Trainee: 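First the structure, which I've put down as structure tokens, then a few questions once you've had a look.
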Amino acid sequence: MKTRVDPDLCTGCELCVDTVPDIYEMNDDIAVVKVDVVPEDLEEDVREAAESCPAEAIIVEE
Ligand code: SF4
């Protein structure tokens with residue numbers, strides 16, 4: 001699985017960073033992805049972060 005954040009949509013609420021800090025981090029006011037490929041044990045957390053993102057800015061590629 002891969003994930004990325006659309007910088008045009010992200011509002012910088014930091015919810016994804018709080019939910020999956022091993023995958024998302026803040027870069028200035030925008031969340032960015034720290035890894036190339038999501039480790040299997042974090043895939044469910046990433047799906048949850050994508051569903052919870054209030055700006056629908058998180059893209060998940062299965
Ligand atoms: Fe941006 Fe969505 Fe993460 Fe909030 S949850 S920081 S809007 S990507």
Side-chain angles (χ1 to χ4, degrees):
M1 174 202 276
K2 293 192 170 198
T3 181
R4 56 196 166 86
V5 172
D6 185 332
D8 294 328
L9 295 178
C10 176
T11 60
C13 74
E14 300 192 22
L15 184 61
C16 58
V17 177
D18 289 342
T19 308
V20 209
D22 287 338
I23 300 295
Y24 303 101
E25 67 183 355
M26 296 308 292
N27 180 11
D28 291 330
D29 290 337
I30 298 291
V32 294
V33 174
K34 300 161 71 168
V35 298
D36 261 353
V37 177
V38 176
E40 240 174 73
D41 60 336
L42 292 177
E43 288 184 352
E44 200 51 47
D45 290 347
V46 165
R47 286 188 198 100
E48 187 187 320
E51 283 169 20
S52 302
C53 172
E56 297 186 5
I58 297 178
I59 297 131
V60 173
E61 292 163 350
E62 300 276 356

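From a predicted model like this one, the values you see are computed outputs, not experimental measurements.
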Trainee: Looking only at non-hydrogen atoms, find the nearest pair between D6 and D8 and report the distance.
Mentor: OD1-N, 2.8 Å
Trainee: Assess whether atom CD of E25 is packed by more than 12 heavy atoms of other residues, nucleotides or ligands within 6.0 Å.
Mentor: yes
Trainee: What residues join L15 in its hydrophobic cluster, counting side-chain heavy atom gaps under 4.5 Å, either direct or through other members?
Mentor: none
Trainee: Side chain to side chain contact (heavy atoms under 4.5 Å, CB included) with A50: which residues, sequence neighbours excluded?
Mentor: I58, V60
Trainee: Enumerate, atom names and distances included, each donor-acceptor pair closer than 3.5 Å involving a side-chain atom of residues 30-49, sequence neighbours excluded.
Mentor:
unit_1: K34; atom_1: NZ; unit_2: P21; atom_2: O; d: 3.0
unit_1: E44; atom_1: OE1; unit_2: R47; atom_2: NH1; d: 2.9
unit_1: R47; atom_1: NE; unit_2: E62; atom_2: OE2; d: 2.9
unit_1: R47; atom_1: NH2; unit_2: E62; atom_2: OE1; d: 3.2

Trainee: Quick check: do Y24 and T19 have side-chain heavy atoms less than 4.5 Å from each other?
Mentor: no
Trainee: For D18, look at atom CG and say whether over 12 heavy atoms of other residues, nucleotides or ligands are found less than 6.0 Å away.
Mentor: yes
